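Note sheet for the following structure.
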Number of protein chains: 2
Amino acid sequence: MNNKKVPEPVISRLFVYLRELIELTKMNIRTISSGELGVRTNLSDAQVRKDLGYFGQFGVSGSGYDTNELKVALEEILGKDKTWNVAVVGIGHLGGALLAYPGFKERGLNIVAAFDSSKRKIGKKIKGIIIQSIDEMPKTVTNKKISIGIISVPAKVAQEVADKLISSRVKHILNFAPIALNVPEKIKLKNVDLSRELETLSYFLANKK
Amino acid sequence: MNNKKVPEPVISRLFVYLRELIELTKMNIRTISSGELGVRTNLSDAQVRKDLGYFGQFGVSGSGYDTNELKVALEEILGKDKTWNVAVVGIGHLGGALLAYPGFKERGLNIVAAFDSSKRKIGKKIKGIIIQSIDEMPKTVTNKKISIGIISVPAKVAQEVADKLISSRVKHILNFAPIALNVPEKIKLKNVDLSRELETLSYFLANKK
DNA sequence: CAGAGTTTGTGCTATTTTTCACAAAGTATA
DNA sequence: TATACTTTGTGAAAAATAGCACAAACTCTG
Ligand SMILES: NC(=O)c1ccc[n+]([C@@H]2O[C@H](COP(=O)([O-])OP(=O)(O)OC[C@H]3O[C@@H](n4cnc5c(N)ncnc54)[C@H](O)[C@@H]3O)[C@@H](O)[C@H]2O)c1
Ligand SMILES: NC(=O)c1ccc[n+]([C@@H]2O[C@H](COP(=O)([O-])OP(=O)(O)OC[C@H]3O[C@@H](n4cnc5c(N)ncnc54)[C@H](O)[C@@H]3O)[C@@H](O)[C@H]2O)c1
């Protein structure tokens with residue numbers, strides 16, 4: 001165990017290990033080596049060990065990691081014993097897909113509120129959640145203890161939606177709009193830029209050797 | 001201009017610069033400094049200049065970059081003069097959202113085919129595209145010159161879908177299923193793991209200082 | 001056109017992240 | 001219990017990425 005701050009890529013990979021460990025325990029596989037875990041996650045054995053090394057010593061020389069023990073340890077480290085409430089803003093194609101996805105809840109991320117500006121949509125119920133007007137955001141965020149906001153509105157209104165989320169006291173934001181948002185230091189902002197991912201692939205087509 | 005290989009994060013950012021330059025030219029802003037471009041994209045001025053430096057010298061000391069000139073140069077570098085054909089496999093919530101998104105076409109990424117395994121869906125038409133059976137993939141990929149495949153099927157069938165795409169001669173893959181896929185070296189694979197993005201945010205909630 | 005002010009391009013430095021590589025600690029076998 | 005494996009944990013090296021800082025190049029102003 002060391003005390004250095006943990007790089008974000010490490011955190012991100014821990015979720016991948018955890019996901020795999022959940023599968024392994026379901027399959028009743030009791031131990032796994034860093035090498036095998038690496039194969040299953042497309043990462044190197046050294047990477048697996050180094051990542052875990054940020055949080056302690058979980059393995060046994062010669063045999064590897066106890067899958068259940070490591071799973072429990074990672075759940076603890078990653079806060080998987082807790083659940084978090086999430087709001088989605090912009091219930092269009094993407095927002096609707098997010099609302100419909102059961103995988104978030106399975107991972108302790110409960111979408112408990114949905115907001116949109118369209119008169120046609122407000123009041124409609126999707127997957128048990130009533131779409132609300134933006135005006136109700138501050139009240140709802142407080143009442144429902146929402147800590148994460150997802151932005152899936154068009155780019156040109158994304159900044160104002162971000163500001164509204166922040167003034168409503170959401171802690172962190174996941175943004176799908178293809179635009180750079182400005183948020184205060186303390187707010188953790190993650191961007192998912194789908195066009196950019198696809199475009200990057202197209203670059204390799206255009207510049208193939 | 002230097003000859004070193006271009007890091008992928010650089011490529012990715014060039015698309016962000018380009019997007020901004022398109023806005024700037026629309027707004028009839030003729031020149032922009034690296035500093036200002038950095039502010040607009042949440043990047044440092046040095047980063048902007050370094051990134052551009054991989055491809056040449058585009059700026060003018062004392063005044064900055066000609067927006068239109070740089071836009072044209074980036075379009076050339078990034079292959080934006082060409083268009084690419086894309087197939088989506090798995091027309092569920094997410095696949096449907098991707099099909100409906102007009103932004104891809106605007107960026108030269110044409111979704112020209114959709115595949116699903118569900119009898120209920122095959123034959124149905126979404127946004128002008130008829131959903132086909134997986135069996136038709138090899139023929140369609142060839143006929144429609146599809147070079148990128150998007151995987152939006154459940155994780156447990158994602159590998160077989162990837163294999164099918166590859167044997168159908170798709171060049172690169174964008175994968176939304178939360179699982180590590182194995183693909184040949186020459187295939188560029190990008191993963192978008194939405195749960196992981198959200199979970200990473202929840203980590204910072206669980207471990208806030 | 002001289003002097004003040006801007007901004008680029010880039011070598012160098014710093015930081016972050018990954019990989020290497022091996023002693024130490026365990027397991028398995030007989 | 002000895003011997004041959006296997007696998008961990010981790011410093012130290014390497015690679016990848018980002019940031020600094022400044023001479024050189026250009027603009028602007030009076
Ligand atoms: N759908 C995709 O596959 C895709 C791909 C890449 C990027 N994106 C990005 O994701 C975002 C959402 O995409 P989408 O396809 O779901 O768009 P969409 O048009 O289907 O949905 C946008 C929704 O936001 C709502 N909205 C508009 N202004 C609002 C406001 N001020 N407050 C609250 N709600 C508001 C609209 O009523 C609509 O329901 C966009 O920024 C888009 O660029 C989407
Ligand atoms: N929707 C989300 O917000 C979200 C979030 C995170 C991750 N994901 C991931 O994205 C993927 C798609 O999610 P979704 O919500 O669209 O799921 P979905 O269930 O709505 O759609 C999946 C589609 O794939 C089709 N399918 C199943 N097996 C197939 C096969 N062998 N060949 C072709 N098509 C097949 C199904 O018929 C269905 O239409 C999943 O891997 C999911 O884990 C989705």
Side-chain angles (χ1 to χ4, degrees), chain A residues 1-17 20-21 24 29-71 73-74 77 180 191 196 200, chain B residues 1-17 20-21 24 29-71 73-74 77 180 191 196 200:
Chain A
M1 178 92 170
N2 71 54
N3 284 333
K4 290 197 315 206
K5 83 169 242 297
V6 184
E8 197 168 315
V10 172
I11 303 299
S12 186
R13 285 191 298 267
L14 291 184
F15 286 102
V16 177
Y17 305 145
E20 195 57 40
L21 288 164
L24 290 166
I29 292 170
R30 302 303 176 85
T31 66
I32 191 160
S33 67
S34 58
E36 180 61 20
L37 191 51
V39 166
R40 287 171 174 271
T41 54
N42 278 181
L43 298 162
S44 73
D45 58 336
Q47 180 98 79
V48 171
R49 293 198 300 278
K50 209 45 358 148
D51 287 350
L52 296 176
Y54 280 94
F55 295 92
Q57 302 186 170
F58 306 99
V60 177
S61 296
S63 82
Y65 302 88
D66 179 295
T67 50
N68 193 255
E69 213 171 84
L70 185 55
K71 169 173 153 286
L74 288 183
I77 291 163
N191 296 290
R196 193 141 64 105
T200 303
Chain B
M1 175 98 172
N2 70 56
N3 285 331
K4 290 197 315 203
K5 83 170 240 300
V6 185
E8 197 167 314
V10 173
I11 303 300
S12 187
R13 284 191 298 268
L14 291 185
F15 286 102
V16 177
Y17 305 144
E20 195 56 41
L21 288 163
L24 290 167
I29 293 171
R30 302 302 176 86
T31 65
I32 191 162
S33 68
S34 57
E36 180 61 19
L37 191 50
V39 166
R40 287 170 173 271
T41 53
N42 278 181
L43 296 163
S44 73
D45 59 336
Q47 181 97 78
V48 171
R49 293 197 301 277
K50 235 309 120 96
D51 288 349
L52 297 176
Y54 280 95
F55 295 93
Q57 303 187 170
F58 305 98
V60 177
S61 298
S63 82
Y65 302 88
D66 179 294
T67 51
N68 192 254
E69 213 171 84
L70 185 54
K71 168 173 154 286
L74 288 182
I77 291 164
N191 296 291
R196 193 139 64 102
T200 303

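A note on names: the letters A, B, ... follow the listed sequences, proteins ahead of strands, and every chain is numbered from 1. All values reported here derive from a predicted model rather than from experimental measurement.
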statement: Taken to the nearest whole Å, CG/Asp51(B) to P/dT8(C) is 13 Å
message: If you assign Pro7(A) and Ser63(A) each to the DNA chain C nucleotide with the nearest heavy atom, which residue ends up on the more 5' nucleotide?
response: Pro7(A)
message: Would you say that Tyr65(A) contacts Arg49(A) through its side chain, given a criterion of any heavy-atom pair below 4.5 Å between the two side chains?
response: yes
Nearest-Å distance for atom pair CG/P, residues Leu52(A) and dT18(C): 14 Å
message: Looking only at the side chain of Ser61(A) (C-beta and beyond, no hydrogens), which of the listed nucleotides dA24(D), dT7(D), dT18(C) gets closest?
response: dT7(D)
message: Checking contacts here: which listed nucleotide (dT18(C), dC20(C), dC22(D)) is nearest the side-chain heavy atoms of Ala46(A)?
response: dC20(C)
- prompt: For Arg13(A) and dT18(C), is the shortest distance between a side-chain N/O and OP1 or OP2 below 4.0 Å?
  reply: yes
message: Please report the distance, rounded to the nearest Å, between CG in Leu43(A) and C1' in dT17(C).
response: 13 Å
query: Between Thr41(A) and Leu37(A), is there a donor-acceptor pair closer than 3.5 Å when you use the side chain of the first and the backbone of the second?
result: yes
- request: Select one nucleotide: of dC12(C), dT17(D), dT8(D), the one nearest the side-chain heavy atoms of Pro9(B).
  value: dT17(D)
- prompt: Ile32(B) has an atom CD1; how far is it from atom P of dT27(D), in whole Å?
  reply: 18 Å
- request: Would you kindly give the CG-to-C1' distance between Asp66(B) and dT8(C), to the nearest whole Å?
  value: 15 Å
Minimum-distance nucleotide (side-chain atoms of Gln57(B) versus dT10(C), dA21(C), dA18(D)): dT10(C)
query: More 5' along DNA chain C: Lys50(B) or Asp45(B), using each one's nearest nucleotide?
result: Asp45(B)
query: The side chain of Tyr65(A) lies closest to which of these nucleotides: dG9(D), dT18(C), dA18(D)?
result: dG9(D)
- prompt: Which one, dT18(C), dT8(C), dT27(C), comes nearest to the side chain of Ser34(B)?
  reply: dT8(C)
- prompt: Nearest to the side chain of Val60(B) - dG11(D), dC26(D), dC22(D)?
  reply: dC26(D)
Interatomic distance where CD belongs to Glu69(A) and P belongs to dT8(D) [whole Å]: 14 Å
task: Compare all side-chain heavy atoms of Leu24(A) with those of Arg40(A) and state whether any distance is below 4.5 angstrom.
output: yes
- prompt: From dT10(C), dG19(D), dT8(D), pick the nucleotide closest to the side chain of Arg49(B)?
  reply: dT10(C)
query: Phosphate oxygens OP1/OP2 of dT17(C): is one of them under 4.0 Å from a side-chain N or O of Gln47(A)?
result: no
query: Mind checking whether Leu70(B) and Ile32(B) have side chains closer than 4.5 Å, heavy atoms only?
result: no
field: Nearest-angstrom distance from the residue atom CD of Glu8(A) to P of dT18(C)
entry: 12 Å
- prompt: Side chains of Val6(B) and Phe55(B): does their closest heavy-atom pair fall under 4.5 Å?
  reply: yes
field: Rounded distance in Å - OH (Tyr54(B)) to P (dG11(C))
entry: 12 Å
